[in-house]
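Structure record follows, encoded as structure tokens.
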Amino acid sequence: LLVSSTHGSNDPLADLTPRELDVLSCIAQGKNNAGIAARLDVSEKAVENVINSLFPKLGLLPEPTVHRRVLAVLLFLDAQSNTR
């Protein structure tokens, strides 16, 4: 799965805000929305809003046969391994 950012970068995370990166990092750690909300000291609704904004930025549109959280984590982990 290749996703490019709107700025032409090869880094699919380049367009994410610091908050979106924080939430994505928590998802990669296996936290659910309640766990993310507790960790970041925000409401679960705020977490849902952030997640709903980061999926399109990663090119992950709703599809019934695809789990977007898993794909987002794979993109995150791939980006992390490429920066090492």
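Values below: every heavy atom of this structure, side chains too, minus hydrogens, waters and symmetry copies.
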task = Start with the C-alpha distance between Leu21 and Leu54, add both sets of side-chain angles, then the distance that settles side-chain contact (heavy atoms from CB on, under 4.5 Å), and finish with yes or no.
result = CA-CA 9 Å; Leu21 287 169; Leu54 71 85; over 6 Å; no
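- When all heavy atoms of Asn33 and Glu48 are compared, the closest pair comes out as ND2-CG, 3.6 Å.
- A 6.0 Å sphere centred on CG of Asn52 holds more than 12 heavy atoms belonging to other residues, nucleotides or ligands.
- Shortest non-hydrogen contact noted between Ala72 and Leu60 is N-CD1, 3.6 Å.
- Atoms CG and CZ, on Leu74 and Arg69 in that order, are 13.5 Å from each other to the nearest 0.5 Å.
- The minimum heavy-atom distance between Asn32 and Gly35, with the atom names listed, is OD1-N, 2.7 Å.
- Counting heavy atoms from C-beta outward, Ile27 and Ile51 have side chains that approach closer than 4.5 Å.
- Listed by chain and residue number, Cys26, Lys31 satisfy the side-chain contact (heavy atoms from CB on, under 4.5 Å) test with Arg39 (two or more places apart in sequence, or in another chain).
- Annotation: the span from Gln80 atom CD to Leu13 atom CG amounts to 7.0 Å, rounded to 0.5 Å.
- A 4.5 Å side-chain heavy-atom check between Phe55 and Leu61 finds every atom pair outside the cut-off.
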key: Stepwise side-chain contact (heavy atoms from CB on, under 4.5 Å) test for Ile36 and Leu40   = CA-CA 6 Å; Ile36 296 168; Leu40 300 178; 3.8 Å; yes
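- Residues Ala37 and Glu44 approach most closely at CB-N, 3.8 Å, considering heavy atoms.
- The heavy-atom pair separating Arg19 from Val42 by the smallest distance is NH2-CG1, 4.0 Å.
- A distance of 8.0 Å separates CG in Leu16 from CG in Asp11, rounded to the nearest 0.5 Å.
- Inter-residue side-chain proximity for Asp22 and Val50 is flagged as unmet; no heavy-atom pair is nearer than 4.5 Å.
- The structure places OG of Ser53 at 11.5 Å from CG of Asp15, a figure rounded to the nearest 0.5 Å.
- Taking every heavy atom of both residues into account, Lys57 and Thr17 meet most closely at NZ-CG2, 3.8 Å.
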